[in-house]
Number of protein chains: 2
Amino acid sequence: MVKYVPNYELDRIFQALADETRRSMVERLVRGPASVSDLARPLEMSLPAVMQHLQVLEACGLVRSGKSGRVRTCHIQPEGLRAAEEWIAGRRTSWERGLDRLGDYLADTPQAPDQAPENRSTS
Amino acid sequence: MVKYVPNYELDRIFQALADETRRSMVERLVRGPASVSDLARPLEMSLPAVMQHLQVLEACGLVRSGKSGRVRTCHIQPEGLRAAEEWIAGRRTSWERGLDRLGDYLADTPQAPDQAPENRSTS
DNA sequence: TCAATAGTCAAGCAGTTGCTTAACTATTTC
DNA sequence: GAAATAGTTAAGCAACTGCTTGACTATTGA
């Protein structure tokens, strides 16, 4: 059947994006490079904490940084974002194809014998 | 009422997607509804563990389920996927706009005093 | 009615995460 | 060369995760 190649990279990317602080750092870096202090300024936490978030972002390839003098400059690395986006888009299109097939099936069938489970409040 | 999706919702969605087991459950459900046992069959873990993953997926709205008789049937709920996809796409386009601006700047400027900082080799 | 099936609940445990503080190194700037 | 700036390292800690096992309920089929 389907061979699951565990994608640790996706694990790390989604994990990195699962934190509001790190997402805000990505939002900042998407507008242009920034130093660690730049990234830390709007955040209400210690500099080491910011460094640790930065390390998470670097470990999954979302961000790169380099040091010049005493300043470390960080910039975004969009490939990781694209990988995550593509995984989601792939699932969504897969789901939409399923809807198409269901539509075809319903169009070709007098009645739908398929029964939805317990009632759920469609909000 | 207000159709406001707070950011901690994104936290939970990305957190849910940060696990290979849960992503494989999403991949399965994207092809059509499945029972808890269906979801558990290809996974090498106990049924309670699968239930806990399912609860994570339901808590962030990626999956819905309902019970009919003794069978709980799960199906995907694509809005959450779309929210995550849109967050990423928004950042990516923001980054691309930045590239455009950089391109304009470079086109309007005699020489580019760009200084690429040293790259740190993360081991 | 009895046993198999499908799922659920609760406790517990090892490993991870997100933060802190304290102490430290390296680079400017005065 | 002393002080300010920018970042780094390490240790520690509470909360959270992902999993387990054991005991349990509810439904179905013979």
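Everything quoted here is computed from the prediction, not taken from an experiment. Every chain is numbered from 1 and lettered A, B, ... according to where its sequence line falls, protein lines coming before strand lines.
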query: Under 4.0 Å: is that the gap between some side-chain N or O of A/S46 and OP1 or OP2 of C/dT20?
result: yes
- request: Mark yes or no for a side-chain to base donor-acceptor pair under 3.5 Å between A/Q52 and C/dT20, with no hydrogen or angle criteria applied.
  value: yes
- prompt: If you take all heavy atoms of A/L29 and A/V63, which pair is closest and at what distance?
  reply: CD1-CG2, 3.6 Å
Rounded distance in Å - CG (A/L47) to P (D/dT5): 14 Å
query: For the side chain of B/R70, counting heavy atoms from C-beta on, which of C/dT27, C/dG7, C/dA4 is nearest?
result: C/dA4
- line: Taken to the nearest whole Å, CZ/A/R12 to C1'/C/dT16 is 14 Å
query: Atom CZ of B/R22 and atom P of D/dC19: how far apart are they, to the nearest Å?
result: 8 Å
- prompt: Rounded to the nearest Å, what distance is computed from the NE2 atom of residue B/H53 to the P atom of nucleotide D/dT20?
  reply: 9 Å
- prompt: On DNA chain C, nearest-nucleotide positions of A/Q15 versus A/P48: which is more 5'?
  reply: A/Q15
message: Nearest whole Å is fine: how far is C/dG15 C1' from A/D11 CG?
response: 15 Å
task: Please state how far atom CG in B/L54 lies from atom C1' in C/dC9, giving the value in whole angstrom units.
output: 15 Å
- line: Separation of C/dT17 atom C1' from A/Q55 atom CD, nearest Å, is 13 Å
